[in-house]
Protein chains: 2
Amino acid sequence: MKDSKQILSDHKVSVTNPRILVIEALLENNNPLTVDELQIKLKNKVAKSTLYRVLNDLKKINILNEFTNPENAIVVELLLEDDSHHHHLFCSDCGEIIDIQMGDEFERTLSKEIKRLEKKFNFSIEDHRLELFGKCTDLCENCS
Amino acid sequence: MKDSKQILSDHKVSVTNPRILVIEALLENNNPLTVDELQIKLKNKVAKSTLYRVLNDLKKINILNEFTNPENAIVVELLLEDDSHHHHLFCSDCGEIIDIQMGDEFERTLSKEIKRLEKKFNFSIEDHRLELFGKCTDLCENCS
DNA sequence: AGAATAAATGAGAATTATTCTCATTTTTTA
DNA sequence: TAAAAAATGAGAATAATTCTCATTTATTCT
């Protein structure tokens, strides 16, 4: 597992206990967590106000991806690799969020479309996000 | 413009003034609005609690699409046509949200990928959402 | 390593967004 | 048109997030 202290010093921010704990909690999970889930995982070892502050700090140094689940609750995940472009699959039964990679053909087709849309709307498009919604049929330990 | 009273009675819910006003405010706009923008548009003609209730009512009868903007604020739009499948383009300068249609080739490629992912994760995938982020370069009246 | 400086933290207050309660009003039923 | 059902407004309650500030911790500079 990556070294949380290293991550912080690499990004030239001070290395503090709450930051280490938050990063480690996120590193332990393969998939994104809601703020509540993260708070529970940290078990009061980090004050609520500090948790929100730390999340904002991680956003500032661009190692945190933040989005919302279908219930509009904020969800976060660490983004450490440069090549970590991925998307998300949400289960409406258990709330699980799974990181997914799309195939090259998809990303190529999307790039073409994006060029078309940039012209059509006179936009410069810098990023995109794809979210898939469904139900995990029987493998998930949370779904009965 | 569509008739808001008709829309409500078609969906077998009672036709009330707040519902009519909310639907008309949403119909006037081509593009999605945040709850605040909607509230401002309605200028206290609908109580805040009623606005939220009406939005929930419209969700229940499946004519409201709800998602979040990059600041995680809730955004809503009416979904009246069956064939209205579309996606969204967000401007990070002015906050504008534009409805976009992707070409057939894109949706075909996406369908193929979805089939692959359904097998890989043993999921049944029912819906998807694509969000594009960028800046409108000079056409928007809000961007200087 | 230790003192001085700068930055971060914890606790809870403040703010904001959303939901809930309930007496009154409006709509629907028939 | 009367009775029954449903929706509304106003504000209280709740939940999520940010802010404040005195104290603690980390960094910097000898």
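A, B, ... follow the sequence lines: proteins, then strands. Residue 1 opens every chain.
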Between the protein and nucleotides 28-30 of chain D, which nitrogen or oxygen pairs are less than 3.5 angstrom apart?
none

Pairs involving residues 17-67 of chain A, ordered by first then second residue, that meet ring pair (Phe, Tyr, Trp, His ring centres under 6.0 Å) (sequence neighbours left out): A:Phe67-A:His88
message: Which residues pass the side-chain contact (heavy atoms from CB on, under 4.5 Å) test with B:Glu107, not counting sequence neighbours?
response: B:His85, B:His87, B:Met102, B:Leu110, B:His128
- request: Five pairs at each end of the helix from C:dA1-D:dT30 to C:dA30-D:dT1: take the axis at both ends and give me the angle between them to 10°.
  value: 50°
message: Would you say B:Tyr52 places a side-chain N or O within less than 4.0 Å of OP1 or OP2 belonging to C:dT19?
response: no
- request: Check salt bridge (Lys or Arg N to Asp or Glu O under 4.0 Å) between A:Lys48 and all other residues, then give those that pass, not counting sequence neighbours.
  value: none
- request: Not counting sequence neighbours, list each pair that qualifies as a ring pair (Phe, Tyr, Trp, His ring centres under 6.0 Å) and has a residue in residues 91-120 of chain A.
  value: A:Phe106-B:Phe106
message: Using whole Å, what does the distance between atom P of nucleotide D:dT17 and atom CG of B:Asn72 come to?
response: 8 Å
query: Whole-Å distance between D:dA7 P and B:Leu21 CG?
result: 16 Å
field: Touch class at under 4.0 angstrom, heavy-atom based, for A:Val13 against every strand present
entry: nothing
- request: Under the side-chain hydrogen bond (donor to acceptor under 3.5 Å, both in side chains) rule, collect the residues that match up with B:Asn72, sequence neighbours excluded.
  value: A:Glu66
Please tabulate, one pair per line, each protein N/O and nucleotide N/O from nucleotides 9-15 of chain C that are separated by under 3.5 Å, including the distance.
{"residue": "C:dT9", "atom": "OP1", "partner": "A:Thr16", "partner atom": "OG1", "Å": "2.7"}
{"residue": "C:dG10", "atom": "OP2", "partner": "A:Ala47", "partner atom": "N", "Å": "3.4"}
{"residue": "C:dG10", "atom": "OP2", "partner": "A:Thr50", "partner atom": "OG1", "Å": "2.7"}
{"residue": "C:dG10", "atom": "N7", "partner": "A:Arg53", "partner atom": "NH2", "Å": "2.8"}
{"residue": "C:dG10", "atom": "O6", "partner": "A:Arg53", "partner atom": "NH1", "Å": "3.1"}
{"residue": "C:dA11", "atom": "N7", "partner": "A:Ser49", "partner atom": "OG", "Å": "3.2"}
{"residue": "C:dA11", "atom": "N6", "partner": "A:Ser49", "partner atom": "OG", "Å": "3.2"}
{"residue": "C:dG12", "atom": "O6", "partner": "A:Ser49", "partner atom": "OG", "Å": "3.4"}

- request: In whole angstrom, give the distance that lies between atom CG of B:Asn56 and atom P of D:dA7.
  value: 13 Å
statement: So the side-chain hydrogen bond (donor to acceptor under 3.5 Å, both in side chains) pairs with at least one residue in residues 109-118 of chain B (sequence neighbours excluded) are A:Glu105-B:Lys112, B:Glu113-B:Arg116
- request: Any chance you could pull the hydrophobic cluster mates of B:Leu79, using side-chain heavy atoms under 4.5 angstrom and chaining through other members?
  value: none
task: Sequence neighbours left out, what passes salt bridge (Lys or Arg N to Asp or Glu O under 4.0 Å) with B:Arg53? Give chain and number order.
output: none
query: Cluster partners of A:Ile40, using ILVMFWY side-chain heavy atoms under 4.5 angstrom, listed by chain and number?
result: none
